[in-house]
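Below: the structure, in structure tokens.
Along the sequence shown, residues are numbered consecutively beginning with 1. Scope of the values below: all heavy atoms of this structure, side chains included, with no hydrogens, waters or symmetry mates. Predicted, not measured: the structure shown is a model, and the values here were computed from it.
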Amino acid sequence: MVDQIKKTHWEIDKAHTNLSFTISHFMIAKVKGSFKDFAGSFTYAEDDFSDGSLEIVIKADSIDTNDANRDGHLKTPDFFDVATHPEIRFQSSSIEKVGGKEYTIKGNLSVNGIEKPIVLEATYEGEFEHPVYKSTIAVFNATALIERMAFDIGKNYPAAALGEKVSLVSTLELVKK
């Protein structure tokens, strides 16, 4: 009889997680934004997370750049086409510890119906017991650099107006289930 492996399951705490991005604007300015509506989970059995699975689903129409007019434009087919592609998804394919608390998380990102592999550079910040809610919390910080044109984001905008690369920066606060 095969022993069942006990997996640890975590869910993203939306109130304490930040999924943000930065892109250059006319080559000298930076525009920052984030997504406000998302969910996700992280499951693993091995202490080094090597068998882990991270999944994040983002509601594309929750984009927020602190400018309602720009946000409205970003939701159109010029950028995220939220009517046709309401979700942005990330699904990990592998997690590798590269030293200390540093990890490489490879996976597939789907934006505008286009799926491409990306690599997240992540730091595991640790765990703590929440003093009020009595739940175990874990925190990861993750970054990635993606090519916007690979996902048809602003495909009609030249690099002089809108940067070719988008910097993704996230703090994931996870609650043990």
Side-chain angles (χ1 to χ4, degrees), residues 10-43 49 52-96 98 102-124 139-174:
W10 304 78
E11 290 185 8
I12 289 178
D13 177 354
K14 194 161 86 170
H16 295 101
T17 292
N18 184 309
L19 303 178
S20 62
F21 61 88
T22 304
I23 189 167
S24 68
H25 184 239
F26 287 100
M27 300 190 309
I28 59 173
K30 300 278 186 209
V31 173
K32 294 183 179 184
S34 62
F35 291 93
K36 302 297 183 186
D37 192 6
F38 49 83
S41 63
F42 181 49
T43 305
F49 311 126
S53 176
L54 173 64
E55 179 181 23
I56 301 171
V57 179
I58 302 166
K59 299 295 182 187
D61 71 351
S62 73
I63 194 166
D64 181 4
T65 63
N66 204 31
D67 183 303
N69 289 330
R70 178 174 47 222
D71 295 346
H73 188 205
L74 291 173
K75 295 175 187 182
T76 71
D78 282 351
F79 292 92
F80 289 99
D81 196 6
V82 301
T84 306
H85 305 288
E87 294 180 339
I88 297 168
R89 294 181 161 272
F90 175 78
Q91 176 64 58
S92 67
S93 56
S94 69
I95 299 175
E96 179 184 356
V98 292
E102 307 300 315
Y103 292 83
T104 298
I105 303 172
K106 294 179 181 176
N108 291 311
L109 179 66
S110 178
V111 180
N112 286 330
I114 300 167
E115 185 175 292
K116 300 277 185 185
I118 69 166
V119 177
L120 300 174
E121 300 301 332
T123 303
Y124 174 59
V139 178
F140 282 88
N141 288 314
T143 62
L145 202 57
I146 64 167
E147 301 278 341
R148 72 174 169 89
M149 296 298 274
F151 297 97
D152 284 347
I153 300 169
K155 61 186 170 194
N156 296 320
Y157 292 82
L162 192 58
E164 293 178 358
K165 296 185 185 287
V166 180
S167 175
L168 308 178
V169 179
S170 302
T171 297
L172 302 175
E173 191 163 307
L174 304 155

So do the side chains of [X] and [Y] get within less than 4.5 Å of each other, counting heavy atoms only?
| X | Y | value |
| --- | --- | --- |
| Val169 | Thr22 | no |
| Phe38 | Lys14 | yes |
| Ser53 | Gln91 | yes |
| Arg70 | Val31 | yes |
| Leu109 | Lys116 | no |
| Ile23 | Ile153 | no |
| Phe151 | Ile88 | no |
| Leu172 | Phe42 | no |

Pair Phe80 + His85: ring centers closer than 6.0 Å: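 Phe80 vs His85: aromatic centres not under 6.0 Å.
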
Rounded to the nearest 0.5 Å, what separation is found between the [atom1] atom of [X] and the [atom2] atom of [Y]?
| X | Y | atom1 | atom2 | answer |
| --- | --- | --- | --- | --- |
| Ile56 | Thr17 | CD1 | OG1 | 8.5 Å |
| Phe90 | Asn108 | CZ | CG | 7.5 Å |
| Leu174 | His16 | CG | NE2 | 12.5 Å |
| Thr104 | Glu121 | OG1 | CD | 4.0 Å |
| Glu147 | Ile118 | CD | CD1 | 12.0 Å |
| Phe21 | Leu168 | CZ | CG | 9.0 Å |

Shortest non-hydrogen contact from [X] to [Y]?
| X | Y | answer |
| --- | --- | --- |
| Ser92 | Gly52 | OG-O, 4.0 Å |
| Phe140 | Ala122 | CD2-CB, 4.4 Å |
| Ala144 | Val119 | CB-O, 3.4 Å |

Between Glu55 and Arg89, does at least one N-O distance fall below 4.0 Å, as a salt bridge requires? yes

Check ion pair Arg148-Glu164 (N to O, under 4.0 angstrom): no

Sole residue of Thr65, Asp64, Asp61, Asp67 in side chain to side chain contact (heavy atoms under 4.5 Å, CB included) with Leu74: Thr65

Sort out for me which residue in Thr76, Asn69, Asp71 forms a side chain to side chain contact (heavy atoms under 4.5 Å, CB included) with His73. Thr76

Between the side chains of Glu102 and Thr123, is a donor N or O closer than 3.5 angstrom to an acceptor N or O?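 Their side chains do contain a donor-acceptor pair, which is all the 3.5 Å distance test asks for.
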
I'd like to know if the side chain of Asn66 and the backbone of Gly33 have a donor-acceptor N/O pair within less than 3.5 Å. no

Around atom NZ of Lys59, are there more than 12 heavy atoms of other residues, nucleotides or ligands at under 6.0 Å?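 Counting neighbours around NZ of Lys59, 12 or fewer heavy atoms of other residues, nucleotides or ligands fall under 6.0 Å, so no.
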
Parallel, tilted or perpendicular: ring planes of Tyr124 versus Phe49, cut at 30 and 60 degrees: perpendicular

